[in-house]
Amino acid sequence: MSLRTLIRERRSIRKFNDEPVSQEVVMNLLQKADQLCAYNGDVRWRYLYAGTFEERERLADCISAKILGNSLAKIALGTVINRLRKWIIKVPANLITIVKTDLDPVKHDEAYGTLCRILQSFQLLAWEQRLGMVWITSEPIIQNDVFYNQIGLQEDERFVGLLQIGYFDKAPKGSERTSAEYFLTEFATK
């Protein structure tokens with residue numbers, strides 16, 4: 001499959017079949033993705049893998065900890081929390097991605113951008129093997145200090161995202177893409 005086709009056909013997958021995803025498969029794809037991306041050797045990141053049933057249960061605990069810490073929310077949202085926990089536990093593999101921050105904003109952005117490039121390459125390499133995923137970054141349920149503490153995020157680290165990974169039976173249809181021209185503005189001097 002050509003790179004162009006691969007990029008155009010890849011989709012975010014939210015419904016996975018029950019086939020397990022081994023840590024070895026994930027690490028192999030991450031190593032290949034890392035080799036595709038040129039970057040400064042000073043960039044540091046880490047991954048937390050949750051693929052066994054027990055690890056997925058622990059991840060579900062971490063994600064629901066903020067809600068469960070509030071008695072009123074726990075009562076009001078009990079059913080929602082149970083569904084959320086079941087959904088997280090059912091996902092065959094989860095990968096939490098974390099990058100080391102830097103006081104220099106340029107180095108900080110470079111590190112974050114590098115890990116994002118690696119993760120995008122990882123998604124494309126996985127797609128070739130019918131291994132799909134969704135990259136969750138901005139959900140309030142994971143963008144909070146309770147979750148960060150639960151996963152052991154350090155003061156000098158930044159949470160980049162949670163990738164939920166699994167084999168799938170059917171890919172969703174693609175949506176219409178916005179033309180690059182829409183985003184282009186000519187640079188004009190005053």
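Sequential numbering from 1 along the given sequence is applied to the chain's residues.
Separation of atoms CD (E54) and CZ (R58) is listed at 13.0 Å; rounding is to 0.5 Å.
Cluster annotation: I98 is not connected to V146 through the hydrophobic network of ILVMFWY side chains, with a link wherever side-chain heavy atoms come within less than 4.5 Å. Note: the hydrophobic cluster containing F147 also contains V134 (ILVMFWY, side chain heavy atoms under 4.5 Å, direct or indirect links).
By the 4.0 Å N-to-carboxylate-O rule, R85 lies close enough to D61 to be salt-bridged with it.
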* Going through the checks in order, is the ring-ring contact (aromatic ring centres under 6.0 Å, His included) test met by F122 and W127? -> CA-CA 9 Å; F122 169 67; W127 189 260; over 10 Å; no
* Apply the test side-chain contact (heavy atoms from CB on, under 4.5 Å) to residues Q164 and W135: give CA-CA distance (whole Å), side-chain angles for both, the deciding distance (0.1 Å), then the verdict. => CA-CA 7 Å; Q164 295 190 301; W135 182 351; over 6 Å; no
* **From CA spacing to verdict: side-chain contact (heavy atoms from CB on, under 4.5 Å), L119, T97** => CA-CA 9 Å; L119 296 177; T97 57; 3.7 Å; yes
* **Check against ring-ring contact (aromatic ring centres under 6.0 Å, His included), Y167 and F16** => CA-CA 6 Å; Y167 294 99; F16 307 105; 9.4 Å; no
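With I165 as the partner, the side-chain contact (heavy atoms from CB on, under 4.5 Å) test is satisfied by one option alone out of L131, L29, V25, V91: L131.
The shortest heavy-atom contact between N17 and P92 is O-CG, 3.7 Å. Shown here for I89 and A60, the closest heavy-atom pair between the two residues is CG1-CB, 4.0 Å. Contact between R46 and E157 at its shortest, heavy atoms only, is NE-OE2, 2.7 Å.
No side-chain heavy atom of L30 sits under 4.5 Å from any side-chain heavy atom of L125. Under the 4.5 Å side-chain criterion, counting only non-hydrogen atoms from C-beta, I13 is not in contact with M133.
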